[in-house]
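Following: one structure in structure tokens, then a few remarks.
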Amino acid sequence: MNPHVTILLQSLIGGIGMGSIYALVALGYSMVYRSMGLVNFAHGNIFMVGAYIGTVFYVSMHTNFVLAFALALLLTAGLGMIVQKILRPLEKMDLIYMMLGTLGIGIVLQNLSIIIWGPDGIAVPFPINNTPWMVKGISIAPYTLVIVGVAALIVIALQLFLNRTKIGLAMRASAQERDMSLALGMNVGLMNGLTLAIGSALAACAGMLVGPVFYVSPDMSTSVGINGFAAAILGGFGSMPGAIVGGLVFGILEQLVATQVSAWSEVIAFVIFVVVLIFKPSGIVGERVVDKL
Amino acid sequence: GSSSTSSTSGSSVASGSSQDIKIGEIGAMSGNLASLGTWDSQGLQMAVDEVNAKGGIHGRKVVIEKLDDQGNPSVAVNDANKLVNDKVVAAFATPESTTTLAILNILKQAKIPHITSGQDPEITKKGSLFVFRDTANSLIFDKTLADYVVGKMGMKKIAVISNSGAYGKGEHDAFVSALKAHGISPVSDQVVTPDAKDFSAQLTTIKEAHPQVLFIGTEEIEMGLIAKQARALGITARIVGGQPAATPIYVNTAGKAVAEGTIFATTYISNDANAETKAFAAAYKKKFGQVADSHVAKAYDGAKMLLEAIDKAYPNIDGTHIRDELLKLNYHGLTGDFKFNDQGEGMFTAQIGTYKNGQPEPLQ
Amino acid sequence: MLAIQDLQVYYGKVHAVKGVSLTVQEGEVVSLLGSNGAGKSSILKTICGLTKAVGGSISFRGKPITNTKPYRLVKEGIGYVPEGRKIYPLLTVKENLLTGAYHRNDRAGISADLEQVYEYFPILQTKRDVLAGNLSGGQQQMLAVGRALLTRPNFLILDEPSMGLAPSVVAQIFAIIKTLRDQGMTILLVEQNAYHALTLANRAYVLETGKIALEGNAEDLKKNHQVREIYLGM
Amino acid sequence: MELLQIKQVSREFGGLKAIQDVSFPVRQGSIHGVIGPNGSGKTTLFNVISGYYKPTQGEVWFENKPIHALSPFQVNRAGLARTFQNLRLFKKMTVLENVCAVLDRESGIRIWDYVVAPKRVFRIEKETIRKAEALLEVFDLLEWRDFLAENLPYGVQKRLEIARALATHPKLLLLDEPAAGLNHTETDELARIIRYIRDERGITVLVIEHDMKLMMTICETITVMNEGMVLTEGTPNQVSKNKQVITAYLGGEW
Amino acid sequence: MTSQDMTNRDLAGQELQPEQAPSTPLEGFAPVSEGSASRSAAKRTWRNSRWWISMAVALFLILPIALNNYQVHILDLVVLYMILAIGLDLTMGYCGQMNLAHAAFYAVGAYTSAILTTRFHFTFWEALPISIVFSTACGILIGLPSLKVRSHYLAIATLGLAIAINDMLVNLNGLTGGPTGITGIPKPHVFGVALDSEYLYYYLVLTFTVLLFLLAKIITTHSIGRSFRAVREDHIASQALGINIAKQQILAFALSGMYAGVAGVLYAHMLSYVSPDTFQMNEMFFMLTIVVIGGMGNIYGSIAGAVILIVAREWLNQFQNWQQVVYGALIVALVVFLPGGLVSIKTLFQHRKRSQLYRVK
Ligand SMILES: Nc1ncnc2c1ncn2[C@@H]1O[C@H](COP(=O)(O)OP(=O)(O)OP(=O)(O)O)[C@@H](O)[C@H]1O
Ligand SMILES: Nc1ncnc2c1ncn2[C@@H]1O[C@H](COP(=O)(O)OP(=O)(O)OP(=O)(O)O)[C@@H](O)[C@H]1O
Ligand SMILES: [Mg+2]
Ligand SMILES: [Mg+2]
């Protein structure tokens, strides 16, 4: 095959791999935003903590992967509940306060992790045989499919949950008119706790899944946290399909640019990202927005 | 009172009596570069505790004033000013090139000799008489590596991948210039960002160039990830790298199978190299519960040298005297033999090693 | 059914409600009049638990509900149409209506009530999949009323339900309230359209700067010359 | 003379025709009313006139110049001011500041004046405050001068919004449901304000309102809209007797 | 129309409750002072604030006498960060624009001056205006997305562009020295005196801080500041009232670029060293913290925030590994318990006093 085509296809596949990770992270951001109006800047750090918790069970305590996975989701969901309790007074305030509050929580989580688990990180073996398939000189890692599959499943589940269940409806409602929701009998506090629990579990899920691809360490959160956020925005903040689309587009964009000008990939990816935003101010799929005055 | 003797990791507070000899330490203990600072800190702690256990320097205890720079040059400068103010006699600052460059002038003006383990060759060329490097610089590592790979093994088609961080760029420049000395230029030269996790775009480009050797110029974890993904993409080239490739973290990240056969240039091949390293590794394990590696060994060496120089300078423990003693030192350490020139470079050789059956061992 | 004793409400330092006492009997329509800023909405919000009562007490069917968590009150049977509509702009019209039925589990009853609301306000049916934020002002007001109906309360609190509605719809809203009253629902009504309100109500209170200035039979108040001049414009 | 001409304006929202082929003129110096059932497109029409929505078809002319392509602030500068159906005050600013923020535009102060001519800045600031106070005085808002807008009673907020719109020195004022939420006395007062604006200040007023009594007393012409189209137009008397208007809008009672 | 014409609504209260004294529309809420009285009160507060500002400046002028070299260095940073925080507050607090690129403007100022003075042998005073032009231009450029996107969309857009700028500093090796940055940036000379001690340099920074503070003070209390706040409060209404919000937003970003640029130049020559590591996201969030913890939309807040947070950061050093944890927790606690920022302590205090102005029955 023409080497250019090979390079293109291979980086496309790499982009889908990274993109699905961004998508998973983006889902968490969007879910929390849509159901409690919170832009959670600690999401990246919760992602890291989730990955650590799971990894500690899986690698250090030799539990099986699925059990470790479940435990990570559960414990991280608990962490989400605690975070919500702490930040409760900020619920009604401007974006910027929530942003700073969650940033503060992120700093605490980040550095507590360094203290608890050390700065070095843990390498995680793949839970399945990840020997890549070679198709015409292009290698496809089976584990990528797992991630893509899980992301797809989650998006469907979340979509159903938010759009078809009463709790989901109430969550979305509470994010918009808090007082009215209370008057209609919704326990908004509890709902927000649940939201952050689910959001955190999503982060843990992403963290746990990417552990083998990355390497679990305290600094795994930074770039994924930002790029995941960018992905969520790119797709349309708060939209579940948007998170997937945004994640994939951002991942592929990054890789494609990297084949051309490798050191400049981030610069160009972000510039393109901003240009897209200027033309589609509420993302590709689009956040649900009202433009009536 | 000082608690440095009993402390295990990082809780020694410099507030001892005027009898104590105070040395400073600056490094990232938090943030993304926390591991660098922690390694440095623990190596230093080992050496200081040993000296104190033997009664200190001429009966005076050594205490460490430990400051976190978060990997931020700005904060490092604050820390350096604080150390100057607190009248430390010498310092361990810092494990990283950019922060070292940031504080170079302050410590120079205050005449405080300090040990760095940043590998940027530029550090010692900025005219400070007070900076000392406790390891070789990138040029030495990469020249040794290139000499082996090209000169000894006769490889010609070499691909380079490095990151755009300070360390990665140093490695890249040093290795490429070493290749040039052999009349070779890389068949492919790729740069990634320090926090990238997927390298398929760059590695596929490399693969299409069909190299015999793949040089990876990044820190441990990224190196491991790149190696792992290179193999997954079907790149069979021999993987080579600098100091980071000699650490257990690299092996863990890449996996034993991938790491097998990696050739590296380092000052510290393994804990099992000789009786001294074995003893050190055992003591380290006992103290910190972790496996020692080249980072802590070099910090330990640096600390030993600093303490020895202070000891020799005694009772004139001021910056100039300590510096003069450091310059006179002939030190045989875990990572090799040191003899500082007046720029502060003390280590001019590196060793070549590889992994055989998962174990690091020397080549040559 | 509802009894308020000496209610005190503050917003920071602003004393909005200054010792108001009022009662609503079972099956009665009580209207609350008063100029802007008199504290009408504050009283209603306090009943619903959305604003804190600093002093005084509120009891509903003999049960004290002062400062109860608002989300518990729906189950007691209190429905609320807030001032300023407070619809959910990013939910569709139908979703908005369904939020009203959040505390209910009777599927059949809910869909019947939904049909009923659609019958009252056909426009809501045609727009059921439109984001509520894109509705016109009056349509949003209909939605707010419809949503409260879906809570199927036995005590309905209405804060200016006719605001921004076309005259024919205003008439219709009052017709609906009348129907509800005839069905035995108890209603507390705040309305600027005093004529309509007094026609509908059994009793009424007139509020001035946080205090009750007048109270009495709706018919009597209608004849009171101050009320006529200020609220009815006659 | 016709100050504003709406020429076959249509506006769609994803297939929904909110207004269709609407045309009518607004005479200089008149108080012109727009009524119509909920959702008949009155607010949309205002949004088109004031530049927030671009018409999908048709044109809007103001003083014989097209304005439908201008952005909202340019429309305002051309001489049109508006209020909103849901109040839009600068909530965290005082009453005085709400008005000053609008008056600032005409002060001609540029950022560099702060450095090169601070004296001028201070002088003009004083002038601005004086003008603002004069305006507040007229609207009987002076006693609220230093209150944050969000803390004002609703009626006062409404008055402030009108005062603020007037601070832009418009030739045409668009009012969207100014009487909503006001009681009878307050509505009377509003009627006086609207008349004052037209009579004393010579500003043409285009007003949307559901309070028919108010409309009957203040308007010279009323345009009735229904389902996005103009149903009829005429004097209040003509309109209120129109059969179609009664069935579509007023209901049996009128 | 006179005011009598329009206060009819008061009659309601009087006629229904004849026993009551004539009341203002809302008794609980009526200001005692008349318009003219409150105007003179405003004048008084301005004189007051002039007095306080002079005192504060005097304090900052004599402060170094009592401090050692290290403390002066920290003080240097404190006044430097005041410039940064005020600049950020102008866009974020006053104009309401999510600006996460302030650190990038800071970097552009610092690097421009560093490059001009080390590679092209400009003097500090020649490099300064050019650097400011560059950073301001950068502010305008990065502010452009604000014309289309808002809120968190704008936050990530500016953050992304800031990351891009930082990457460029790393990648443009030849010019910027790449990841290890530029060393040996010369100290400025003033009247032939080299400002090569922390003490002397401090007065240079302080001069700029005072000037830029005064500029910010006039901006925020006069027309431009009001337009900024109008845009922040309601951009839709602002447009309807003839305010060109695009112009205001870009102006706010330009000011952010200018302030950060000045700070960047001062920073580069203070440390004689710049590297991309300094201007990363952490730095951005640190500035953001200063502004919010100090009190958004209040330049005194930026001043207070800079003092408190920089001193706190130094003080926290004693907690070693825990310092960042404590720092994070501190931020959370402050945001949660003092959302108005440090300046709101004062208003909490004042609220008591002011409440006497309102007759509460
Ligand atoms: N959230 C609030 N914060 C501060 N003051 C408030 C708040 N809500 C209401 N107020 C004040 O409390 C007083 C009573 O307000 P309320 O809304 O209860 O009056 P209302 O009778 O419903 O008037 P309207 O006819 O305008 O709806 C007013 O002075 C108002 O300014
Ligand atoms: N941005 C928008 N997106 C979708 N539909 C819209 C939008 N704006 C208005 N509409 C629709 O257009 C129609 C006209 O709305 P508009 O607000 O103009 O009505 P109105 O005449 O002002 O009614 P009201 O008297 O209730 O305020 C409504 O059916 C509304 O749902
Ligand atoms: Mg009310
Ligand atoms: Mg309308």
Side-chain angles (χ1 to χ4, degrees), chain A residues 2-4 6-19 21 107 110-111 114-115 118-126 130-132 134 137-141 210 213-215 217-224 226-227 251 254-267, chain B residues 9-10 28-39 68 70-71 161-164 169 189-210 220-222 224-225 228-229 231-235 247-255 288-290 293 295:
Chain A
N2 179 332
H4 290 292
T6 315
I7 292 172
L8 190 81
L9 287 179
Q10 188 67 60
S11 47
L12 206 64
I13 288 171
I16 292 173
M18 270 324 273
I21 291 170
I107 294 176
Q110 181 85 12
N111 292 286
I114 294 179
I115 291 171
D120 295 353
I122 305 172
V124 188
F126 282 98
N130 196 39
T131 316
M134 296 298 274
I138 293 165
S139 117
I140 303 170
V210 305
V213 183
F214 286 21
Y215 173 91
S217 69
D219 63 351
M220 73 190 284
S221 57
T222 322
S223 77
V224 175
I226 301 255
N227 293 355
E254 215 180 30
Q255 289 293 327
L256 288 187
V257 176
T259 56
Q260 302 307 315
V261 274
S262 68
W264 293 81
S265 67
E266 228 176 23
V267 179
Chain B
S9 59
M29 318 282 170
S30 58
N32 286 351
L33 297 169
S35 47
L36 284 179
T38 312
W39 288 322
D68 177 9
Q70 301 161 30
I161 183 167
S162 60
N163 75 24
S164 55
K169 178 166 176 288
D189 187 351
Q190 299 291 317
V191 183
V192 299
T193 53
D195 51 12
K197 303 290 180 191
D198 185 282
F199 313 94
S200 34
Q202 291 88 353
L203 288 174
T204 316
T205 314
I206 286 176
K207 188 183 168 191
E208 294 302 321
H210 304 292
E220 294 76 2
I221 297 174
E222 197 167 27
L225 292 175
K228 189 158 81 166
Q229 291 180 22
R231 288 284 182 265
L233 284 175
I235 296 178
T247 59
I249 295 190
Y250 164 68
V251 181
N252 283 339
T253 319
F288 297 106
Q290 293 164 1
D293 63 9
H295 291 288

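Quick note on labels: first sequence line is chain A, next is B, and so on, each numbered from 1. Only heavy atoms go into these numbers, but all of them, side chains included; no hydrogens, no water, no symmetry mates.
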Heavy-atom distance under 4.5 Å to chain A: side chain of [X], backbone, both or neither?
X      : answer
B:Q190 : both
B:T205 : both
B:I221 : side chain

Greatest number of heavy atom pairs closer than 4.5 Å to chain B - which of A:A123, A:G14, A:G251: A:G14
Heavy-atom pairs under 4.5 Å with chain B are the metric here; pick the option from A:T259, A:N111, A:I115, A:D120 that has the most.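 Sorted descending by pairs with chain B, the first entry is A:D120.
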Which residue out of B:A254, B:A196, B:S35 racks up the most heavy-atom pairs below 4.5 Å with chain A?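 The residue among B:A254, B:A196, B:S35 with the greatest pair count is B:S35.
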When B:N252, B:T193, B:L203, B:D195 are compared by non-hydrogen pairs under 4.5 Å with chain A, the top option: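 Most heavy-atom pairs under 4.5 Å with chain A: B:D195.
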Heavy-atom contact with chain B under 4.5 Å, split by part of A:I114: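 Contact with chain B is through the side chain of A:I114 alone.
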Is chain B contacted by the side chain of A:A141, its backbone, both, or neither, given a heavy-atom distance below 4.5 Å? neither
Heavy-atom distance under 4.5 Å between the side chains of [X] and [Y], does that happen here?
X      : Y      : answer
A:V213 : A:F126 : yes
A:Q255 : A:L12  : no
B:Y250 : B:T253 : no

Does the side chain of A:S221 come under 3.5 Å of the side chain of A:Q110 through a donor N or O and an acceptor N or O?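 Present: a donor and an acceptor within the cut-off.
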Sequence neighbours excluded, the answer for side chain to side chain contact (heavy atoms under 4.5 Å, CB included) partners of A:I226 is A:F270, E:I156, E:L159, E:I163, E:M281
Could I get the full list of side chain to side chain contact (heavy atoms under 4.5 Å, CB included) partners for B:A232, not counting sequence neighbours?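 Testing B:A232 for side chain to side chain contact (heavy atoms under 4.5 Å, CB included), a comparison that skips the adjacent residues, returns A:P132.
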What are the two closest non-hydrogen atoms of B:E208 and A:T6, and how far apart are they? OE2-CG2, 3.4 Å
